[in-house]
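Quantities reported herein were computed from a predicted structural model and do not represent experimental measurements. We're numbering straight along the sequence, starting at 1.
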Amino acid sequence: MNRILVLITLSENGIVSIKSNPELPKKEMEFVIRWKEENILESFFISVSKKEAVLIFKDIDEPGTKELIGALPYFPYMAKIEYHNLNKQF
């Protein structure tokens, strides 16, 4: 079973901008909830500091995953995005 692991780190300035706009986190979570409902997002983790996130996608290829991440309201505030193709063993 193939999965795509996405590691996201927000920029320091991005965190400040996000905190100053309470509607932004709500809009971001709408995407996450929809992906979960569409069964393409298997797991979603946020670090305690809320600076990093880990998403695990399934049933979608890397270009499609990059397109989804690029549509996120937080995308302009992301300092680093890593994509890792994985084979789930169990």
Side-chain angles (χ1 to χ4, degrees):
M1 297 179 164
N2 293 337
R3 299 289 188 270
I4 298 178
L5 174 78
V6 182
L7 305 172
I8 297 171
T9 304
L10 297 174
S11 68
E12 291 299 326
N13 291 337
I15 293 169
V16 172
S17 296
I18 291 165
K19 286 182 179 179
S20 69
N21 183 350
E23 289 301 310
L24 208 50
K26 292 176 188 175
K27 290 179 182 177
E28 183 83 0
M29 284 308 297
E30 288 174 6
F31 281 83
V32 173
I33 291 166
R34 187 177 67 228
W35 296 341
K36 183 68 176 166
E37 290 170 352
E38 293 172 353
N39 207 30
I40 57 172
L41 183 62
E42 183 173 85
S43 297
F44 176 60
F45 302 90
I46 300 175
S47 67
V48 174
S49 69
K50 298 190 178 183
K51 185 177 178 181
E52 296 92 16
V54 176
L55 298 90
I56 301 175
F57 289 90
K58 63 180 184 175
D59 302 327
I60 187 167
D61 61 7
E62 187 172 337
T65 301
K66 287 181 177 182
E67 188 175 319
L68 292 175
I69 298 298
L72 287 170
Y74 282 15
F75 184 76
Y77 308 108
M78 296 177 187
K80 185 177 179 183
I81 307 168
E82 295 178 44
Y83 298 89
H84 300 274
N85 289 286
L86 306 172
N87 288 318
K88 186 173 181 179
Q89 300 299 306
F90 56 87

Looking at every non-hydrogen atom in both residues, tell me the closest pair between S17 and Y77 and how far apart they are.
CB-CE2, 3.6 Å

Run the side chain to side chain contact (heavy atoms under 4.5 Å, CB included) test on M78 and I69 for me, step by step, so that the C-alpha distance in whole Å, both residues' side-chain angles and the decisive distance to 0.1 Å come before the verdict.
CA-CA 10 Å; M78 296 177 187; I69 298 298; 4.1 Å; yes

May I ask whether W35 and F75 are part of the same hydrophobic cluster, defined by side-chain heavy atoms of I, L, V, M, F, W, Y residues being less than 4.5 angstrom apart, directly or through others?
yes

If two hydrophobic side chains count as joined below 4.5 Å and joins carry through other members, does I33 share a cluster with V54?
no

Following the transitive rule for hydrophobic clusters with a side-chain heavy-atom cut-off under 4.5 Å over Ile, Leu, Val, Met, Phe, Trp and Tyr, establish whether F44 and L86 coincide in one cluster.
no

Nearest-0.5 Å distance that lies between atom CG in D59 and atom CD in E38
11.5 Å

Spatial distance of atom OG (S43) from atom NZ (K36) [nearest 0.5 Å]
6.5 Å

Please name the residue in the list I8, L7, T9, L10 that meets the side-chain contact (heavy atoms from CB on, under 4.5 Å) test with K80.
T9

What distance do L72 atom CG and I81 atom CD1 have between them, rounded to the nearest 0.5 Å?
8.5 Å

Interatomic spacing from CD1 in I56 to CD in E42 - rounded to 0.5 Å
6.0 Å

Which value, rounded to the nearest 0.5 Å, describes the distance between K66 atom NZ and L68 atom CG?
12.5 Å

Just how far is it from atom NZ of K58 to atom CG of N2, taken to the nearest 0.5 Å?
13.0 Å

More than 12 non-hydrogen atoms from neighbouring residues, nucleotides or ligands closer than 6.0 Å to CD on E62, yes or no?
yes

Test: E30 and K27 ion pair at under 4.0 Å:
no

Do I40 and M29 share a hydrophobic cluster, counting only Ile, Leu, Val, Met, Phe, Trp and Tyr and linking them when any side-chain heavy atoms are less than 4.5 Å apart?
yes

